Amino acid sequence: MTPQELAGHIKAALLGAISSGQLNLATEDVPTEIVVERPKNLDHGDWATNVAMQVGKKAGLNPRAAAEILQPLLAALPGVEAVEIAGPGFINLRLDAASQGELARDIIAKGKEFGRGTQLAGKKINVEFISANPTGPLHLGHTRWAAVGDAIARVLEAEGAESAREFYINDLGVQMDKFGNSVKAAALGEPIPEDGYHGAYIPELAKQVVAENPGISDLPEPQRGEAFRDAAYALQLADQKRVLDNFNTHFDVWYSEKSLHTSGAVDRGFEKLKSQGHMFVEEGATWLRTSDFDDDKDRVLIKADGALTYFASDTAYYVDKRNRGYDLCIYLLGADHHGYVNRLRAVAACAGDNPDENIQILIGQMVKMLKNGEEVRLSKRAGNIITLEDLVDEVGVDAARYSLIRYPVDSPLVLDLDLLVSSTNDNPVYYVQYAHARIASVVRNAAELGLIPANTSDWDPATFDPSQLTDDREGALLGLLADYPRVVASAAELREPHRIARYIEEVATSYHSFYAACRVLPQGDEPVTELNIARLWLCAATRQVIFNGLELLGVSAPDRM
RNA sequence: GCCCGCGUAGCUCAGUGGAUAGAGCGUCUGCCUCCGGAGCAGAAGGUCGAAGGUUCGAUUCCUUUCGCGGGCACCA
């Protein structure tokens with residue numbers, strides 16, 4: 001029995017108590033969602049609910065009295081072994097082994113589908129992240145979002161949303177010209193302009209541009225400058241794509257800022273804003289009255305000299321996303337962009353949307369790398385910025401992704417490289433992957449011994465007797481596995497994939513504990529028992545949950561390490 | 001000055017109003033004749049920055065305050 005099913009039963013019991021007159025409560029005072037949780041302390045039971053405390057007051061009873069009315073009704077439920085009232089009015093439920101163990105069968109039947117939900121079914125969500133200038137390698141700040149943004153999209157999809165990962169290419173403006181001029185200068189052997197780009201990748205890029213474009217240095221200006229800029233841009237963007245692909249983050253849409261202007265999207269955006277009545281002209285400039293909606297000042301769209309601001313692109317881009325059919329636009333921005341939150345929300349409001357529904361902006365704090373106890377500041381590739389590739393070179397893709405996703409994004413993150421390459425308990429990614437590999441090994445051995453087919457999809461449900469799983473550690477593990485769908489749902493709702501990571505770490509811990517105490521395979525020439533088989537089902541179910549969880553993080557689940 | 005985030009064990013950090021506040025590291029004590037010891041079992045370690053408030057109940061929500069980090073543009 002899953003906690004969701006249990007919650008349904010409890011609600012039915014509650015409604016039953018009302019209709020039979022045992023409980024004097026209006027049906028609209030029945031909570032729509034009954035909270036069923038794993039108690040922190042498992043001595044309290046397998047599951048706990050606080051409904052009695054929620055409805056007690058409304059029913060004119062103290063919480064314990066309300067709990068006492070519900071107690072016999074819950075005790076009569078199939079699969080419920082014991083019901084206790086504790087503390088201020090918690091109702092603690094204990095399931096019998098068979099009912100609790102059924103879950104393993106359910107998990108194996110569902111496979112990769114286990115844990116997926118429908119909370120966001122039918123929603124089209126645009127998740128925009130990284131959006132770096134194509135003028136250099138991706139740095140550590142981008143890297144955090146490369147991992148977390150992708151994981152958020154995966155988690156949203158697990159709850160039924162149709163999500164698109166989108167990369168906004170800032171390919172317009174003076175930065176591009178500075179970049180082009182820097183590459184050109186490097187190619188021509190001239191000093192790179194003071195305000196240009198000085199990373200070590202610039203001369204390399206220059207070499208490549210010249211090699212691929214014979215005669216480019218001999219073009220007349222301004223064609224030469226443009227040719228350098230465009231060629232370097234193409235190479236740099238391709239490099240960003242390559243790096244991200246290698247990082248297991250695959251964008252669905254690469255959206256060019258320049259194309260906003262050439263496609264007429266900017267004009268359409270302005271029309272939209274004008275039609276909503278929030279644009280005005282003052283001192284020769286055209287403004288958007290964002291201060292109508294919580295922004296601290298109005299923003300310029302068209303400068304007095306007729307040039308468009310960057311903010312104009314932002315507004316057009318938002319309107320364009322909505323025109324492309326996204327119900328919700330999520331922006332994942334660095335801490336240095338936090339001043340954008342209110343103005344972007346105001347843009348949504350100015351476009352006639354609901355900022356609480358159609359737009360969401362998440363701010364990620366800074367990332368630092370530590371090596372030998374000191375902050376790493378120098379990159380081989382890019383001089384004084386650390387790149388995504390530097391991190392991957394040091395620790396590999398799995399450890400990099402996992403450790404970036406493992407923490408909530410709103411606190412600054414310090415990655416200790418020495419720890420991330422260590423193969424022990426203190427390195428969470430290996431701890432989790434190890435549990436997965438260990439289970440795979442047990443199942444492999446079982447198949448070799450002829451206990452069970454190698455592939456779980458060939459396992460015969462009739463051979464599984466869940467009532468065999470009576471050990472406390474088996475119960476603890478099963479209860480934890482049952483919680484997985486709820487963890488995925490809350491990770492999706494809160495856009496916090498780190499919850500998945502923390503959860504599968506708990507699963508790994510619980511599994512190791514079970515494994516140490518409960519022998520799975522028969523020893524020596526012992527006969528095969530139903531208990532052996534039941535434990536194999538539990539092992540396979542655990543492996544599936546770890547696998548599914550790692551997949552939502554974009555981290556591999558190896559069968560051998 | 002104004003805005004945002006963060007203050008939880010010696011360290012790095014979890015904890016979307018619930019029971020005795022958790023994990024890893026570090027320190028200390030145990031466990032390899034058999035399924036992967038990259039593991040397990042246990043001990044010690046806390047005025048949840050501070051003060052008020054809301055609540056049956058606050059680390060969690062609100063106010064004030066102290067400390068730390070980040071941000072303010074007719075830049076991109």
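In what follows, chains carry the letters A, B, and so on, assigned in the order in which the sequence lines appear, proteins first and then strands, with residues in each chain numbered from 1. Predicted model only: the values in this text are computed from it and were never measured.
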Contact list (N/O, under 3.5 angstrom) for nucleotides 42-44 of chain B vs protein:
none

Tabulated below should be each protein N or O lying under 3.5 Å from an N or O of nucleotides 70-72 of chain B; please produce it.
unit_1	atom_1	unit_2	atom_2	d
B/G70	O2'	A/A335	O	3.4
B/G70	N2	A/H338	ND1	3.0
B/G70	N2	A/H338	NE2	2.9

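Nearest to the side-chain atoms of A/P88 among the listed nucleotides B/G37, B/C40, B/G18 stands B/G18. Considering only side-chain atoms of A/F90, the nucleotide from B/G18, B/G15, B/C40 that sits closest is B/G18. Nearest nucleotide to the side chain of A/M53, out of B/A19, B/G18, B/C75: B/G18. Here B/G36 is the nucleotide among B/C35, B/G36, B/U16 with the atom lying nearest to any side-chain atom of A/M561. Checked against B/G36, B/C40, B/A19, the side chain of A/A48 finds its nearest nucleotide in B/A19. The listed nucleotides are B/C74, B/G18, B/G15; the one nearest the side chain of A/A285 is B/C74. Of the candidate nucleotides B/C75, B/G36, B/C13, B/G36 has the atom nearest to the side chain of A/R444. Taking every side-chain heavy atom of A/S513 into account, B/C40 is the closest of B/G36, B/C40, B/C74. The nucleotide whose nearest atom lies closest to any side-chain atom of A/A304 is, among B/G36, B/C74, B/A14, B/C74.
Contact check on A/E37 versus A/R486 returns no salt bridge, with no Lys/Arg side-chain nitrogen under 4.0 Å from an Asp/Glu carboxylate oxygen.
Ring-to-base geometry does not place A/H498 in a stacked arrangement with B/A14 (centre distance under 5.5 Å, plane angle under 30° required). B/C35 has its base stacked against the ring of A/Y515, the centroids being under 5.5 angstrom apart at an interplanar angle below 30°.
For the segment residues 435-443 of chain A, the set of residues with a heavy atom within less than 4.0 Å of an atom of RNA chain B comprises A/A437, A/R438, A/S441, A/V442, in numerical order.
In this structure, B/C32 shows a glycosidic angle within 90 degrees of zero, which is the syn conformation.
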